[in-house]
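Heads up, the thing below is written out as C-alpha cells.
What you see is a predicted model, and the numbers here were worked out from it, not measured in a lab. Letters go in sequence order (proteins before strands), and every chain restarts at 1.
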Amino acid sequence: MADPAAIAIRNLTKIFPVPFRKEKVTAVEDLSLEVQPGQIYGLLGPNGSGKSTTMKVVLGLVSPTSGSTEIFGRSSLHVESREAVGFLPENPYFYKFLTGSETLHFFGRLCGLSGPRLAARSRELLALVGLETAANRRVGSYSKGMLQRIGLAQALIQDPRLLVLDEPTAGVDPAGSREIRDLLLQFKQRGITVLLCSHLLGQVQEVCDRIGILHQGRLVSEGPLESLVSVEDQTECLLRNASPELLRSIQAQAAAAGAEVIQIRKPQTTLERHFLKVTHGVSRDASTQPSPQHADVHAP
Amino acid sequence: MPTSTPLDPSVPVRHRWFSPARLLAIASNTLLELVRQKVFYFLLLFALLSIGSSLLVVQFTFQQQFQVLKDVSLGAMSIFSWLLAVLATAQLLPRDLEDRTLYTILAKPVPRFEYLLGKLGGVLLLLALSLALMSALFAGVLAWREQTQLALIQAATPPEDLEAAVQALRASTFTPSLGLAILTIFLRAAICASLTLLISSFATSSIFTVIVSVIAYIIGHIQPVARDYWLHSLPAGQGVSPLVQVFLGFVALFFPDFQLFNLVDEAAAGNTIPFPLFAQTSALGLGYAMVYTFLAYLFFSQKEL
Amino acid sequence: MRARLLAPVLLLGFGFAKLAPESLLTRVRQSANLHTAPVQISLRQNLSQMGFLAALSGFRAVVADLLWIQAHTAWENTDWGRMKLLLDTVTALQPRAVVFWDGAAWHMAWNASVSALENPAQPRLALRVKAQREFFRLGEDFLLRGIQNNPGRQELYNRLGMLYRDKFEDHARASDAFAACAALPNAPSYARRFAAYELSRVPGREAEAYQTLKKLFLEGEKNWLPTLFNRIRFLEEKLNVRPDERLRIPEGR
Ligand SMILES: Nc1ncnc2c1ncn2[C@@H]1O[C@H](COP(=O)(O)OP(=O)(O)O)[C@@H](O)[C@H]1O
Ligand SMILES: [Mg+2]
C-alpha cells in the first residue's frame, strides 16, 4: 500500500447556517484535493473563497456538511489525526498573560511533552523563530510579526510532519515575511509537508510546489506551479556582459530562424528586494548574490 | 539561524484519548489566567468585612459577636465564591473563542471534553484556593476574637463558673460543622460553575450567560417551595390554575435545589451537621455538577469554531 | 443528534430523577431539625425589597445581623416597640440562631422590663408592675418559640430557667427548665445543681429535692459548693432529718 497523502480532501462541502436567516452560506463546495508528503501546497483565493474554512475542516475545528478529510490517512473527525499536525491560524492570538516561553510550554504539554525535553525544545524553537530575546516578555506586548512567529513555533512544538498555515505572512513586514519564507524552505528540506494559504501571490510562487485556486468555494484551478505559470510558446534567456553587437547578432539569428524577439530589456529587481536593500539590507539573498547585469531575451 | 533538531522519529505517535497531563496543563493555565487577572484582590475586601464586622459589634455578648462574625464571614464566602464561579466561568469560552486561542488548542491532539474539563478544573482550583484563603483569614479572626474574649472571661468570672464559661466560649467558636459548611459552599459554587459552563456552551455572549446563571441561582433557592407545591398539590389540583401548575413543574424539574446546600446558617448557629447528611448532600451536588458538565460537553462537542 | 434537541430531553430526564433524592434530603433535614423554614411571605411587609431578595437567595443571615444591630440601637434609644418588631423579624429570618432568641428574650425580660418598672411617665405603680410583667411574658414567649425551633439546644432552656427563677420567681418551672437544660448535650455542669436548688424552694417537693441534692453531694467534691450546702442544711431542717442521718458537710464550708 502506498503512503497515504498528507492531506486528502474528498468532495468536501461546507454550508454554514446563518442564525435567524433562511439562506445559508456555502463556504466550500465539492472540493477534492490531495497534498503529497514533502510538498509545499499553496491554497490561493480571494477573501471569503473558503480557504480558512477548508483548513478548519481538515483540523476538525469545523465539521463537514458532506465529504471527508484525512491527515496521513486518519479522519479529521478523530482527535488522533491532530498528533502529526501543527496549525497556525489566521491572525493568531495567544494568551496575553503568558510569556513567549510559557506559551510554548503550554502547547508542548498539550502535545504530551514535558520536563527537560520540553524546555530544550521550546528554547530551540524560540531561537529558530528569532524570539530568544523576547522569550520572557508577555505575549500581550508582542508585535504582529512576533505573534506570527510565536505562532509558528507553537505549531512546530511537537515536531509535526505537516504544517497548516493560514496566511502566515499577513500583516508581517517584508523582512519578517522573507524570514518566514526561508523557514518554509528549510521545513521542506527536512521533509515537512506544508499547506499554506496566502493572497501574496509572489510569495506563494517563490515557495510552493503545487497550487490550488479557490473561487467562491470551488476549486477552479489546480496543479504543479510550473505547469500553471509557464508560457508554453516563449523562452526566457538571461545574459551577463552581453555587448550590443552580440544582441544584434542574436536578433538577426532569431529572425533568420523564423522566431520573434519580443522584448530586450534590463531585468527589474523585485520591489521587495529593493525595499530590503535600502531599509537594512539584511536579506541574505540580495546581499550574497549581487544583481547581475543581464538582459532578458524573449524568443519564440 | 539554528536549525531545529527533530524529536526522535523512532517513537511512534500514539494518541491517548485521555491524558491527565493535558488536563492539568489546561486547568493550571486557566488558574494562572485568573490569578494574573488579579482576582485575589477581593480577599482584601473579605478581610475588611470579616475584621470590620467583628469590631462593629463589640458591645454584644460574645455569643452574639461570634454569630455576627460567622454570619458575615460565611455569607461573604458564599457570595464571593458564587460570584467568582459565575463570572470566571462565563468568560472562559467566549474569551478563548474571541482570541482564537481555542483554534490553536483544539488543533493540538486535545479532545474537546478534556479542554472543557480542564477549563472547569481551573475555575474549581481557583474556588478551592480562594475558599481556603478565606477560611484561613476567617479562622484567624475568630481565633483572635476568642483569645480576646477568653482574657475578658478569665478576668471577670468567679473561679467556680470559669469552666462553664470557657466551655460556652469554645462551643460558640470553632466546630467541625463549620468545616462541613464551608465544603458545601464550595459544592454550591462548583454547581454554579458547571451550570454557567453549560449556559456559556450555547450562549452567544457572556452577559447573557451571567444573567441566565444569576436567574437560575435565585430560582434554585425557591425550587424546594415550587417542588413541594407541585408534587403535593398535583393530584388534588387544589384550585391551582394549569398555567401555574406547569410553571411549578418547570421550576421543580429544570432547576437544582440550592437550599439543600445552605448548611452555613446551621453551622453558624452552632448546630451539628451530621456527617451522613453532608455526604448525601455532596453526592447530590456532584450529580448536578456532572450532569451540567456533560450537557455542556454535548453542546461544545458540536460547536462550529 | 443535535445538542439543542437532546440536551433539554436529558435535562428533563435528570429533572425527574433528581426529584426523589431532593425530597428525601429535604425530609432528612426536616427530621434532623436542620431545615430553615422558607421565609414566610408575610415577612415581606417587614423588609425592604432588597432585604427580601437577599433573604430569598440565601443571604438572609447577614440581613438578620444588620437588623439585630438596628435592634441594639433601638434598645439604646429605649424604643421598645420598634425593638420588639425588629427582634421578631430577626428571629423569623434566622430561627436557627439561638443567640438571637436568647438575646431577644434577654432584652425583653431583663432590659425593657426594668425600664417599664421605672417609667417616669407612668405614675401608677400597679400599671408599671403590670407593664413589667408584660415584658417578662414577651421574653418567655421568645424563649418558648426559640425552643420550638431548636429543641436540642440547652442555651434556651438555661435562659428560661433563669427567667422563671429571677423574674417570675416560679421555682417549679425554673427547676423543670434547668432539668431540661441539664439533659441536653453540652449543658453547663451547674444546670443540674440549679434544677435541684430551685426544686428545694418549691413547697411540697422538699423530699424529692433533698434526694436530688443528696445525690449531687455524694457525687463528690466537684459539686461541693456553698449554695449546695446551704440548700441541704435548709431542707434537713425543714424535713427534720435525724442528726445521725444528716449529710456530713465538711467543716468551714
Ligand atoms: N462560522 C461561520 N458562519 C457563517 N459563515 C461563515 C463562517 N465562517 C466562514 N463563513 C463564510 O464562509 C465563507 C468563506 O470564508 P473563509 O473560509 O474564511 O474564507 P477565506 O479564508 O478564503 O477568506 C465566507 O463567505 C464567510 O463569510
Ligand atoms: Mg481566511
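Contact of B:Leu298 with chain C is made through backbone and side chain together, with heavy-atom distances under 4.5 Å. Both the backbone and the side chain of B:Val68 come within less than 4.5 Å of a heavy atom in chain C. Neither the backbone nor the side chain of B:Phe258 has a heavy atom closer than 4.5 Å to any heavy atom of chain C. Only the side chain of B:Gln167 has a heavy atom closer than 4.5 Å to any heavy atom of chain C.
Residues forming a ring-ring contact (aromatic ring centres under 6.0 Å, His included) with B:Trp82 (at least two apart in sequence, or on another chain): B:Tyr217.
The greatest number of non-hydrogen atom pairs below 4.5 Å with chain C, out of B:Ile273, B:Thr272, B:Leu263, is found for B:Leu263. Between chain C and the residues B:Phe261, B:Phe202, B:Tyr288, the most heavy-atom pairs under 4.5 angstrom are made by B:Tyr288. No other option in B:Ile219, B:Leu74, B:Thr281, B:Val57 has as many heavy-atom pairs under 4.5 Å with chain C as B:Thr281. Comparing B:Ser301, B:Gly287, B:Gly270 by heavy-atom pairs within less than 4.5 Å of chain C, the highest count is held by B:Gly270. Between chain B and the options C:Ser23, C:Gly152, C:Ala187, the largest number of non-hydrogen pairs under 4.5 Å is found for C:Ser23.
Residues of residues 169-180 of chain B lying under 4.5 angstrom from chain C, judged on non-hydrogen atoms, do not exist here.
Of all the heavy atoms in C:Glu22 and B:Ala252, the pair that sits closest is OE1-O, 4.5 Å. A pairwise comparison of heavy atoms in C:Gln94 and B:Asp71 identifies NE2-OD1, 4.1 Å as the closest pair. Smallest separation of non-hydrogen atoms from B:Ala269 and C:Arg96: CB-O, 2.8 Å. Listed here is the closest heavy atom pair of C:Val99 and B:Gln63: CG1-CB, 3.4 Å.
A donor-acceptor distance shorter than 3.5 angstrom exists from the side chain of C:Arg29 to the backbone of B:Leu260, with no hydrogens or angles considered. In this structure, the side chain of C:Lys18 engages the main chain of B:Phe255 through a donor-acceptor pair within 3.5 Å.
Separating the OG1 atom in C:Thr26 from the CG atom in B:Asp228 is a distance of 8.0 Å, to the nearest 0.5 Å.
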Can you give me every donor-acceptor pair (side chain of residues 5-14 of chain C, partner residue at least two apart or in another chain, under 3.5 Å) with its distance?
none

N/O donor to acceptor pairs below 3.5 angstrom from side-chain atoms of residues 62-69 of chain C, sequence neighbours left out:
none

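The environment of B:Glu163 atom CD is sparse: at most 12 non-hydrogen atoms of other residues, nucleotides or ligands sit within 6.0 angstrom.
Annotation: side chain of B:Asn271 is in contact with side chain of C:Arg153 (closest heavy-atom distance under 4.5 Å).
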